[in-house]
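Worksheet: the structure to be examined is printed underneath.
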2 protein chains.
Amino acid sequence: MRSGERDYVGALQKGLAVIEALGASEARLSLSEVARSASLTRAAARRYLLTLARLGYAEFDGGRFSLTPHVLRLGYAYFSSASLPRLAQPIVERIGERTHEVASIAVLDGAEILFLARSARRRIISASTGVGTRMPAYCTAIGRVLLAARADADIERFLKDIRPKKFTPRTLTGQRDLLQAILGARREGYAISDEELEIGLRSIAVPVADSRGQVRLAMSVSLQAARMTPAQMTEHLLPELRAGAAQLSTMI
Amino acid sequence: MRSGERDYVGALQKGLAVIEALGASEARLSLSEVARSASLTRAAARRYLLTLARLGYAEFDGGRFSLTPHVLRLGYAYFSSASLPRLAQPIVERIGERTHEVASIAVLDGAEILFLARSARRRIISASTGVGTRMPAYCTAIGRVLLAARADADIERFLKDIRPKKFTPRTLTGQRDLLQAILGARREGYAISDEELEIGLRSIAVPVADSRGQVRLAMSVSLQAARMTPAQMTEHLLPELRAGAAQLSTMI
DNA sequence: TCATAATGTGCGCATTGCGCACACATAATT
DNA sequence: AATTATGTGTGCGCAATGCGCACATTATGA
């Protein structure tokens with residue numbers, strides 16, 4: 001597969017698309033479902049599935065395919081090889097202890113944020129912020145502070161490309177509203193997501209700049225909305241986040 | 001790449017090997033290092049690396065390659081798609097609360113165990129038992145109860161194939177000793193690893209049978225050795241583990 | 001500066017991944 | 001129960017894709 005480019009292995013791209021297709025479904029998938037999801041012919045999909053099964057990354061129960069734990073080797077490769085999660089985890093845990101809420105660190109990944117570290121849960125909050133979890137960037141506090149660090153043209157392209165879903169009555173979905181929120185995050189140096197992702201959930205986030213002043217990470221605290229008003233969050237949680245962000249900044 | 005088999009895509013296998021090579025190193029890798037580690041020619045390794053970079057799974061700083069958080073999509077695909085981690089996590093958390101120690105669930109993956117769920121850390125124990133972490137099966141309590149559920153021929157083959165490293169003066173490495181420990185785990189229905197992996201660390205584990213009576217999972221509690229003797233662990237922790245394992249058994 | 005090692009690149013080639021067509025199996029409908 | 005529709009497995013021939021090679025270029029170390 002030259003794809004207009006010499007050093008590109010199309011078979012690898014297709015195989016990875018098959019893994020993602022399997023992972024995107026909560027149910028086990030048939031051959032045809034995988035083929036459709038990964039945009040391949042049935043014959044090709046079958047070859048990739050059989051290869052993954054042979055290598056131990058997937059299994060086949062005679063009718064349907066699913067991933068095996070072995071595939072964690074691929075994802076966790078990042079944690080083994082990158083120093084950032086190791087540096088971030090203690091910081092996030094300490095913020096969690098001091099605030100008695102859930103603290104997290106995430107990066108931008110396409111139109112989503114991807115969680116890299118998280119403190120222990122102190123209370124039931126249903127939004128899943130476990131490590132490796134993804135959420136839409138546009139309506140999360142972390143997403144907004146990360147977008148705020150982008151060039152304006154990037155932000156505009158982002159806003160033009162997304163199809164924002166309205167998760168709650170409070171979810172901002174208009175381009176102008178979102179742009180205002182992102183620019184506000186840039187101006188204030190933090191963002192609050194106020195029941196936009198889920199009713200009853202509030203988050204506050206700050207950016208973490210690295211030694212070159214680049215912002216590729218952000219840190220947040222999330223909690224049940226009943227516990228604090230946005231103003232209280234600014235007053236009580238923001239200082240902790242800023243201290244944690246400053247500390248992590250010195251390490252990366 | 002037919003490899004004596006028609007429906008096998010060798011390029012996918014090589015690409016996945018490159019991901020694992022990157023993940024196995026704590027430092028960023030040069031092209032030649034990846035090629036050596038993944039047993040490929042430089043030209044092939046370069047193609048796979050450039051493909052991964054193009055797809056966002058890896059990045060290149062002009063000299064060296066490393067994985068990006070995007071690769072978490074592959075690993076975490078398992079958690080999104082499999083019900084087991086969701087079912088297991090609350091159980092493990094409750095055992096952690098009741099015992100005030102770290103509870104974990106793991107599966108066998110080759111010669112290693114792979115952690116799938118873990119309760120919050122209550123105290124500093126240095127052995128890394130985070131989700132996705134791998135450890136050698138031969139000297140961990142979980143590994144031993146999982147091996148105990150295997151056929152004798154499997155166990156013998158396993159013992160013949162491994163090259164056990166002696167982590168501490170207490171690590172069992174002789175085939176006879178290991179076989180005795182595994183058979184003991186089978187007889188007693190649990191195993192204790194007593195400072196074999198790391199000085200100061202003790203673990204106790206039980207198998208979790210599924211509805212067909214198959215054992216593909218095990219559950220453990222790990223703690224600082226100073227906190228309990230093996231006899232105390234058997235007395236205080238084993239009942240909790242057995243209750244948790246029985247509960248999880250009804251769900252899978 | 002020189003020698004060595006590593007990386008980047010273009011090339012021709014054969015092998016590998018490809019889609020196709022058909023046989024077979026399963027599920028759904030009449 | 002018979003028929004129809006859908007999905008899966010398999011063998012095949014083919015050309016496009018991944019391949020290694022050789023050389024140019026760059027980087028590193030002494």
Side-chain angles (χ1 to χ4, degrees), chain A residues 1-68 74 81, chain B residues 1-68 74 81:
Chain A
M1 153 77 95
R2 301 289 173 75
S3 200
E5 185 135 10
R6 192 156 272 133
D7 292 317
Y8 184 79
V9 182
L12 176 57
Q13 182 258 324
K14 291 172 189 170
L16 295 171
V18 167
I19 294 178
E20 292 202 23
L22 286 172
S25 166
E26 293 194 358
R28 305 163 79 87
L29 294 181
S30 71
L31 167 61
S32 296
E33 286 164 340
V34 173
R36 260 191 308 272
S37 182
S39 304
L40 297 173
T41 62
R42 285 180 296 123
R46 187 162 176 277
R47 288 193 186 100
Y48 289 104
L49 286 164
L50 293 180
T51 302
L52 291 170
R54 174 100 171 265
L55 296 172
Y57 294 105
E59 66 191 357
F60 182 56
D61 64 13
R64 294 182 169 260
F65 294 90
S66 57
L67 295 173
T68 70
L74 299 176
S81 64
Chain B
M1 151 76 95
R2 302 290 174 72
S3 202
E5 185 137 7
R6 194 157 272 134
D7 293 317
Y8 184 79
V9 182
L12 176 56
Q13 180 260 325
K14 290 172 191 171
L16 294 171
V18 167
I19 294 178
E20 293 203 21
L22 285 172
S25 166
E26 292 192 358
R28 305 164 78 89
L29 293 181
S30 71
L31 167 61
S32 297
E33 286 165 340
V34 173
R36 259 190 311 269
S37 180
S39 304
L40 297 173
T41 61
R42 284 179 296 122
R46 188 162 176 277
R47 289 192 185 100
Y48 290 104
L49 286 164
L50 293 180
T51 302
L52 291 170
R54 175 103 169 262
L55 296 172
Y57 293 105
E59 68 190 355
F60 183 57
D61 64 12
R64 296 185 166 257
F65 294 90
S66 57
L67 295 173
T68 69
L74 300 176
S81 63

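Below, chains carry the letters A, B, ... as their sequence lines are ordered, and counting in each starts from 1.
- Within the 4.0 Å cut-off from OP1 or OP2 of dA6(C), not a single side-chain nitrogen or oxygen of Ser32(B) is found.
- Applying the side-chain contact (heavy atoms from CB on, under 4.5 Å) test to Ala43(A) and every residue at least two apart in sequence or in another chain returns Thr41(A), Arg47(A).
- Listed by chain and number, the residues in a side-chain contact (heavy atoms from CB on, under 4.5 Å) with Arg28(A) are Glu59(A), Asp61(A), Arg64(A), Ser66(A) (sequence neighbours excluded).
- Along DNA chain D, the nucleotide closest to Gly63(A) and the one closest to Ala44(B) are compared, and the more 5′ of them pairs with Gly63(A).
- With sequence neighbours excluded, the residues satisfying side-chain contact (heavy atoms from CB on, under 4.5 Å) with Ala38(B) are Ala17(B), Val18(B), Ala21(B), Leu40(B).
- Remark: Tyr48(B) pairs with no residue by the ring-ring contact (aromatic ring centres under 6.0 Å, His included) rule, at least two apart or across chains.
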Quick one, Tyr8(B) with Leu55(A), criterion side chain to side chain contact (heavy atoms under 4.5 Å, CB included). Give me CA distance, side-chain angles, the key distance, then yes/no. CA-CA 10 Å; Tyr8(B) 184 79; Leu55(A) 296 172; 3.4 Å; yes

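- A sub-4.0 Å separation between OP1 or OP2 of dA6(C) and a side-chain N or O of Ser30(B) is absent.
- Remark: Tyr8(A) is not in phosphate contact with dC19(D), judged by side-chain N or O atoms under 4.0 Å from OP1 or OP2.
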Extract from the structure each pairing of a protein N or O with an N or O of nucleotides 9-11 of chain D at less than 3.5 Å, listing the distance.
residue: dG9(D); atom: OP2; partner: Arg46(A); partner atom: NE; Å: 2.9
residue: dT10(D); atom: OP2; partner: Arg46(A); partner atom: NH2; Å: 3.2
residue: dG11(D); atom: OP2; partner: Arg6(B); partner atom: NH1; Å: 3.0

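- Ser30(A) pairs by the side-chain hydrogen bond (donor to acceptor under 3.5 Å, both in side chains) definition with Glu33(A), not counting sequence neighbours.
- Atoms CG (Leu12(A)) and C1' (dC18(C)) sit 17 Å apart, rounded to a whole Å.
- One can place NZ of Lys14(B) at 13 Å from P of dT15(C), the figure rounded to the nearest angstrom.
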